[in-house]
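Here is the structure we will look at.
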Amino acid sequence: MAALSLPELQSLRDALIRARLGGVRRVRDQNGEEIEYKSDAEMERALRNCEALIAQMQSGQTPNVIKFNARKGV
């Protein structure tokens, strides 16, 4: 899987914020894949990770490791 571009990360962050503020735990990414978060705390961690990656990219640093912990709903 290729790394996400800055606009893709920003779009994912915005979708997470909208979902979290709307009380929704399910987010659809740009590829049409759906991600369901088990809790608000899990969404908060994903949001913080997105924001950290965006900050790194905007500062010109490239991250060494990108971790995603996503589970599809059953």
Side-chain angles (χ1 to χ4, degrees):
M1 181 169 132
L4 297 174
S5 67
L6 181 58
E8 289 170 327
L9 280 171
Q10 290 168 328
S11 178
L12 178 59
R13 178 202 54 203
D14 295 345
L16 275 168
I17 291 170
R18 278 191 297 276
R20 188 171 179 222
L21 293 176
V24 177
R25 289 194 188 150
R26 197 172 282 180
V27 178
R28 187 173 304 273
D29 68 14
Q30 291 180 332
N31 296 327
E33 294 178 12
E34 203 169 79
I35 301 167
E36 184 173 353
Y37 295 92
K38 301 262 185 219
S39 66
D40 183 66
E42 190 176 42
M43 288 183 88
E44 181 182 359
R45 283 191 302 274
L47 187 54
R48 275 192 266 137
N49 287 336
C50 261
E51 289 174 341
L53 289 171
I54 289 168
Q56 284 180 339
M57 292 180 101
Q58 287 176 333
S59 71
Q61 298 173 339
T62 53
N64 293 330
V65 177
I66 299 175
K67 290 185 180 180
F68 290 96
N69 185 5
R71 296 182 185 105
K72 290 195 175 209
V74 180

How many angstroms lie between atom [atom1] of [X] and atom [atom2] of [Y], to the nearest 0.5 angstrom?
| X | Y | atom1 | atom2 | answer |
| --- | --- | --- | --- | --- |
| L9 | L4 | CG | CG | 5.0 Å |
| I54 | L12 | CD1 | CG | 8.0 Å |
| I35 | L16 | CD1 | CG | 7.5 Å |
| E51 | L53 | CD | CG | 10.5 Å |

Considering all heavy atoms, the nearest M43-V24 contact: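 Nearest heavy atoms, M43 then V24: CE-O, 3.4 Å.
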
Heavy atoms only: give me the nearest V27-A19 pair and the separation to one decimal.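 So the two residues come closest at CG2-CB, 3.7 Å.
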
Is the closest side-chain donor-acceptor distance between S5 and E8 under 3.5 Å?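 S5 vs E8: donor-acceptor pair found between side chains.
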
Validation row: Q10, M57 side chains within 4.5 angstrom (heavy atoms):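 The answer is no; the side chains never approach within 4.5 Å.
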
Hey, is R25 close enough to E36 for a salt bridge, meaning N to O under 4.0 Å?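 Looking at R25 and E36, the cut-off is not met.
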
